[in-house]
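Because the structure is predicted, anything quoted here is derived from the model rather than measured. Order of the sequence lines sets the chain letters (A, B, ...), proteins ahead of strands, with each chain counted from 1.
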There are 2 protein chains.
Amino acid sequence: QMPRGNLETIHPRALVLSAIKKLLNGLKYQEAFLVMKRHRINWNLFYDHDPKAFFNNIDHFVRELDSATSLNLFLADLKEEDTTQTLYSAAYSRSPEKTKTAGGSKVDAVCDAVRESLDRIDPNKFFLSVLTAHVKKNQPELEIALQRIQQLTQLTRPGTGNDPGPGSGCDCPTPDEALRYLIILVDVNQLFDVALGTYDFKLVLMVAEKSQKDPKEYLPFLNQLRSLETNYQRYTIDKHLRRYSKALRHISRCPGDERFVECMSLVAEHKLYSEALQLFDRGSERYEAIGIAYGDYLQSKNRYADAALVFTLCSQWERALEMHSRCGQWQQAFCMASRLNYTADQLAETARKLAVYLSGHRRHSEAASILVEYADDVEEAISVLITGCHWAESLRLMYKHKREDIIETHLKPALVERCSSTQASLENFLVTFDKHKKRLAVVRENKLCQEQEEGADFNDVDADLYSDTSSVGGSAMGSVTSFGSSSSAYSTSTTSSKTSGRSRKNRRKAEQKKRSLKEGSKHEDLALLDALIEIMKNVDQLKGDVGHLLPILVMFDFKEEAQQLQQSLQDALKSLEAGRAEIWIGNITQPTMGTAAGFGPQYTSNAIAASMTAPGPLGAPPSTPSPDDVALFVPPKLSKDDKWRLHMLEPR
Amino acid sequence: QMPRGNLETIHPRALVLSAIKKLLNGLKYQEAFLVMKRHRINWNLFYDHDPKAFFNNIDHFVRELDSATSLNLFLADLKEEDTTQTLYSAAYSRSPEKTKTAGGSKVDAVCDAVRESLDRIDPNKFFLSVLTAHVKKNQPELEIALQRIQQLTQLTRPGTGNDPGPGSGCDCPTPDEALRYLIILVDVNQLFDVALGTYDFKLVLMVAEKSQKDPKEYLPFLNQLRSLETNYQRYTIDKHLRRYSKALRHISRCPGDERFVECMSLVAEHKLYSEALQLFDRGSERYEAIGIAYGDYLQSKNRYADAALVFTLCSQWERALEMHSRCGQWQQAFCMASRLNYTADQLAETARKLAVYLSGHRRHSEAASILVEYADDVEEAISVLITGCHWAESLRLMYKHKREDIIETHLKPALVERCSSTQASLENFLVTFDKHKKRLAVVRENKLCQEQEEGADFNDVDADLYSDTSSVGGSAMGSVTSFGSSSSAYSTSTTSSKTSGRSRKNRRKAEQKKRSLKEGSKHEDLALLDALIEIMKNVDQLKGDVGHLLPILVMFDFKEEAQQLQQSLQDALKSLEAGRAEIWIGNITQPTMGTAAGFGPQYTSNAIAASMTAPGPLGAPPSTPSPDDVALFVPPKLSKDDKWRLHMLEPR
């Protein structure tokens with residue numbers, strides 16, 4: 001607000017406001033207006049003082065001010081801010097929530113209310129205020145404003161046969177005046193574009209005449225437009241105004257190949273494919289052309305499934321088949337093959353290609369079923385199933401197709417190999433688990449020491465951190481990376497996993513970067529917890545695998561191997577369970593054991609807070625883990641499932 | 001320890017111990033022994049004083065004491081406890097860990113060490129001490145003790161031609177003396193059983209003669225045993241001694257059907273099936289008999305998969321097939337069918353039965369593939385696939401078998417139905433989510449108030465808890481239960497779920513009991529969090545479902561429905577995401593906002609602690625949630641996957 005200078009000494013604002021408040025409460029808007037004008041009080045107060053009362057007495061407000069000029073002053077000054085909270089907060093000690101407009105914008109609400117009231121009372125007399133109310137909105141309603149001026153033209157034009165409204169002669173501004181007023185409020189070029197957007201050349205000319213534009217420029221432009229066929233004309237205008245969706249709708253209605261070429265290039269340039277498809281009938285030539293372009297575009301963006309759908313919609317079976325194949329949607333691919341009436345050879349070829357893709361994405365059982373059904377290649381199917389550890393299904397095919405010879409040649413060696421590799425990876429998991437567990441204890445110990453000797457020399461802390469266990473930690477790291485790859489071989493299950501091994505590896509890498517397992521790194525404890533949880537998950541997942549393997553091993557007289565494997569997995573689960581108690585329940589509570597008072601179980605949560613707010617290594621400011629890190633403090637659960645165990649292998 | 005009476009005034013124990021310590025350090029065991037004997041000091045001190053030194057100088061110790069009687073005193077008094085920690089802790093101020101024996105038992109370690117030393121130095125002279133060392137172990141080695149006495153018999157028996165060992169004449173006790181000594185240490189009946197267990201009747205008689213047993217009783221018993229065939233004799237003895245595994249091994253070697261009947265009843269009575277199987281050759285008649293009994297037993301325990309394996313091992317294909325069918329292992333079931341050379345009709349019948357089972361367990365795609373492959377019933381297969389929402393696979397079969405008519409009759413109605421039911425359940429999820437969210441805010445608010453007015457009247461708190469929102473909470477509860485069942489219909493996915501719907505429902509019920517959603521219940525906030533997490537999981541899982549549904553909807557010209565569905569799911573995910581921030585990150589931090597100092601993110605963990613240790617409703621003692629409840633405070637993650645969305649349905 002402007003400085004009031006000497007006014008303040010004669011009329012202190014506090015008193016002025018108190019007077020205005022009384023007037024507003026008494027709904028004496030006219031008097032209030034005069035006082036506010038004299039003392040330069042912000043007009044927003046009319047509304048902010050009591051929004052409800054303002055809306056309820058809106059007609060009274062208009063009648064009190066009773067002047068387009070006064071109303072324009074009020075409207076032009078509207079702001080979203082609540083002046084009782086900002087400018088005049090001293091006079092109003094209100095809590096912020098009380099006066100907040102629910103949801104919408106204050107300016108829009110006031111403009112609409114005032115305009116409706118004006119239209120009720122006397123749209124002609126207050127014509128300029130009506131325009132102001134339209135234009136002042138957050139999304140200025142310029143088109144409506146122009147149309148109202150145009151209506152005025154029709155009303156006031158002599159010889160139209162319309163009886164001018166009451167008092168239209170004296171109260172109403174001429175269209176000319178109105179337009180000139182509007183141009184003060186809004187940039188004339190913007191108005192010109194809006195007028196053009198109505199496709200109403202009269203309106204355009206009306207605005208253009210008032211503008212600073214050179215008639216030599218805009219007249220040829222308008223005349224050229226006028227000469228065009230309606231749809232093409234509108235398309236040209238829309239394109240000029242960058243309204244591409246509208247442009248598309250108009251150009252799509254233009255007949256002739258030449259126009260359709262323009263349509264296609266518009267679609268391609270502004271990626272309006274899906275809108276374009278809706279404008280043509282499915283099955284028509286043009287729909288097909290758009291569809292193919294859309295499919296090409298989607299393919300270029302590697303969105304094969306989307307591309308396949310679009311090609312299907314425009315009956316491009318061949319290309320749809322290709323796209324479905326590329327993203328492993330084999331059922332849909334064969335739908336297309338059927339529609340294309342593929343020969344047996346073609347089907348077999350398609351099947352082989354898809355089988356390679358599916359096997360590569362660890363979807364062995366699907367690959368096998370395709371090979372049998374479409375390529376009639378039982379042997380290859382069985383081999384794929386054995387690779388994917390789908391033992392039962394591989395046996396079913398062998399018995400069904402009288403290929404029991406494969407049991408000896410391929411199945412048994414694979415079973416034994418799988419058994420020993422599972423054993424090895426179990427061992428690996430346990431060794432790493434143990435190393436991480438021990439290192440975690442050391443790190444926690446160090447953190448505790450550090451907390452206790454907050455003021456100690458940093459170098460000491462430093463030396464503390466790189467303890468004798470560096471060899472342990474180092475080798476632990478080594479083994480993690482070394483069997484990280486081998487463990488990925490154990491993601492096989494009866495479900496078809498959709499994530500490729502590669503993407504999973506990348507995600508893992510990114511995670512490892514964030515929290516490094518390197519000794520003495522800032523969040524080493526979190527990284528260790530993460531790694532420990534990962535191991536527990538992996539071992540837990542082995543249950544399903546082993547559960548399928550054991551009965552087949554026993555069936556083929558590898559009972560001892562099976563027994564050992566069952567024992568190993570049970571032992572592993574037991575020691576993880578014990579480690580879990582140690583890591584997530586025992587150790588965490590120790591730091592607070594001495595000090596906190598209360599019940600047992602809640603130590604955990606206290607301790608979480610304690611360990612999470614503990615200062616990081618090297619006396620850095622306290623580590624501030626993200627809320628998601630809380631997940632690391634939840635004891636991971638091993639599934640209760642023990643259906644994987646064989647009764648006959650249980651120790652007595 | 002016994003009271004020492006007047007001794008204490010003349011020889012204060014502190015001084016005595018200090019003297020003994022010096023003697024032990026000087027390895028003067030003989031002198032130490034005398035002092036300890038006089039002052040009634042516990043013999044364990046020999047070892048406890050310095051375990052390492054004791055083991056290192058064990059031979060010296062034996063030579064110093066140099067008397068079976070002294071050694072027996074020492075051995076008989078051995079205890080697991082560490083006397084430097086208990087009796088004589090005043091004289092030894094040691095930390096508990098330092099002296100702990102790694103892993104094993106102290107008594108066993110000392111007994112073994114002493115016995116080895118005795119055997120080295122003079123097994124005859126110290127014969128009774130050797131016996132004591134064997135018997136004193138935690139698992140008394142009675143059999144070995146008896147055998148050593150028996151060896152003595154052979155050594156000392158005149159006319160055996162053995163040259164008695166050095167000094168055997170004077171040093172060694174007679175077998176009679178030795179046995180009498182042993183009976184003092186061990187209950188004679190136990191010794192008798194041990195002797196019997198060696199199957200050595202001489203040994204048995206030797207013990208029996210020394211016992212209080214009546215020869216009229218034991219002689220007939222022994223004579224009867226003697227008359228039996230060796231294996232059957234041993235079986236009878238083992239059974240008498242309740243050593244059933246050994247009994248089984250011996251009876252299994254007895255020829256004749258009569259004996260095998262006994263064998264079978266032993267197996268059945270003591271559930272020795274798996275052991276029994278190992279004793280017979282696979283393929284033999286007896287193996288088969290055992291196998292069938294084992295299979296019956298497993299079947300009676302509802303362990304169908306185990307039963308199937310056992311029946312397979314003993315070539316009972318028919319029954320194996322039945323068992324495999326009962327647990328849905330259809331691949332294995334058809335392996336059996338192949339072995340049984342089933343006709344096409346039999347295969348079809350089996351297929352139909354299995355298909356019903358699999359459909360009932362939401363494994364529709366497997367059911368369908370069986371129906372096609374073995375029952376040649378494409379129509380039924382397609383119907384099953386449509387029920388299971390496997391749209392693509394159902395289409396593949398329609399095109400392959402020229403049954404495109406089904407698209408109109410069944411597929412399209414199912415698609416539309418599925419679309420609207422998914423919409424409905426999305427809506428349900430959101431409504432409930434919102435209700436729970438609001439109620440949670442109220443509960444948290446109440447908890448906070450309660451903390452602040454700890455000393456307030458309970459009735460007030462009570463009234464506070466049952467607030468105006470009871471109607472909201474009530475209806476929320478209602479809708480949970482009402483759509484709990486309908487939501488279970490949405491567990492379909494391409495993976496084959498192995499848990500039946502029923503078991504999942506039971507588990508859920510159990511969980512709900514633990515933490516009730518009832519208003520004002522003790523852990524209502526936890527129950528609400530649980531329910532909210534559940535909803536987020538369910539909605540997240542819909543992605544896969546919807547992702548499969550959308551392209552098929554579009555393909556069959558239900559583009560609008562598809563568009564709405566995609567929009568609904570995206571909106572739902574967005575509002576869950578917003579709610580997640582509110583529930584797990586915003587609100588939790590509020591309670592501590594005012595007081596705690598530090599960085600933003602760590603409030604969460606502080607707040608977890610705060611909210612978990614907050615007193616429960618009705619001023620009960622602070623609620624003590626289990627560590628697993630921490631999981632409820634981890635913001636649940638929605639998967640990042642947005643492959644389910646169709647490009648052509650994206651709003652521009």
Side-chain angles (χ1 to χ4, degrees), chain A residues 245 273-275 277 282 294 298 303 305-306 309-310 312-313 329 331-332 334-335 338-339 369 392-393 395-396 399-400 494-496 551 554-555 557 559 584-585 598-602 604-606 608-609 612-613 622 624-628 630-631 633-635 637 643 646-650 652, chain B residues 245 273-275 277-278 282 294 298 303 305-306 309-310 312-313 329 331-332 334-335 338-339 369 392-393 395-396 399-400 494-496 551 554-555 557 584-585 598-602 604-606 608-609 612-613 622 624-628 630-631 633-635 637 643 646-650 652:
Chain A
S245 289
Y273 301 104
S274 63
E275 281 165 78
L277 277 185
R282 193 170 154 182
Y294 191 10
L298 289 168
R303 298 194 65 157
D306 281 302
L309 174 62
V310 171
T312 307
L313 288 176
Q329 297 180 323
Q331 288 106 333
Q332 291 91 329
F334 282 113
C335 285
S338 296
R339 289 186 165 204
S369 73
E393 178 70 358
L395 271 171
R396 183 181 75 87
Y399 282 116
K400 191 181 175 193
T494 26
T495 71
S496 53
V554 171
M555 198 186 300
D557 287 319
K559 192 171 169 181
W584 278 276
I585 296 148
F599 296 84
Q602 78 211 36
T604 317
S605 44
N606 289 336
I608 290 173
M612 291 188 80
T613 53
T624 55
S626 72
D628 293 339
V630 183
F633 294 92
V634 178
K637 266 184 198 159
K643 278 188 194 155
L646 278 184
H647 185 271
M648 62 187 300
L649 301 180
E650 295 280 303
R652 286 192 60 81
Chain B
S245 289
Y273 301 103
S274 63
E275 281 167 76
L277 278 185
Q278 282 182 290
R282 194 170 154 181
Y294 191 10
L298 289 168
R303 298 194 65 157
D306 281 301
L309 174 61
V310 171
T312 307
L313 289 176
Q329 296 180 324
Q331 288 107 333
Q332 292 91 327
F334 282 112
C335 285
S338 296
R339 289 186 165 203
S369 73
E393 178 70 358
L395 272 171
R396 183 181 75 87
Y399 282 116
K400 191 182 174 192
T494 27
T495 71
S496 53
V554 171
M555 198 185 299
D557 286 319
W584 279 275
I585 296 148
F599 296 84
Q602 79 211 36
T604 316
S605 43
N606 289 335
I608 289 173
M612 291 189 80
T613 53
T624 56
S626 72
D628 293 340
V630 184
F633 294 92
V634 178
K637 266 185 198 158
K643 279 188 194 154
L646 278 185
H647 185 271
M648 63 187 300
L649 301 179
E650 295 280 303
R652 286 192 59 82

### Max heavy-atom pair count under 4.5 Å with chain A, selected residue of B:Gln278, B:Gln332, B:Met555
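Top count of heavy-atom pairs under 4.5 Å with chain A: B:Met555.
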
#### Entry: Minimum heavy-atom distance A:Ser274-B:Met648, with the two atoms named
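The answer is CB-O, 3.5 Å.
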
### Summary
Here the pair of heavy atoms bringing B:Ala392 nearest to A:Cys335 is O-SG, 4.3 Å

### Query
Taking atom types as modelled, is there a side-chain donor on B:His647 or A:Tyr273 under 3.5 Å from an acceptor on the other?
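No.
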
Which answer fits [X], side chain, backbone, both or neither, if we ask what part of it has an atom under 4.5 Å from a heavy atom of chain A?
{"X": "B:Leu309", "value": "side chain"}
{"X": "B:Leu649", "value": "neither"}
{"X": "B:Gln329", "value": "neither"}

### Query
So how far is it from A:Glu393 CD to B:Phe334 CZ, rounded to the nearest 0.5 Å?
10.5 Å

### Query
Among A:Val310, A:Val554, A:Thr312, which residue forms the greatest number of heavy-atom pairs with chain B at distances under 4.5 Å?
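Of the options given, most contacts go to A:Val554.
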
### Student check: side-chain heavy atoms of A:Arg282 and B:Asp557 closer than 4.5 Å
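Touching, per the 4.5 Å side-chain cut-off.
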
### Message
Strictly distance-based, threshold 3.5 Å: is any side-chain N or O of B:Asp306 a donor or acceptor partner for the main-chain N or O of A:Leu646?
### Response
no

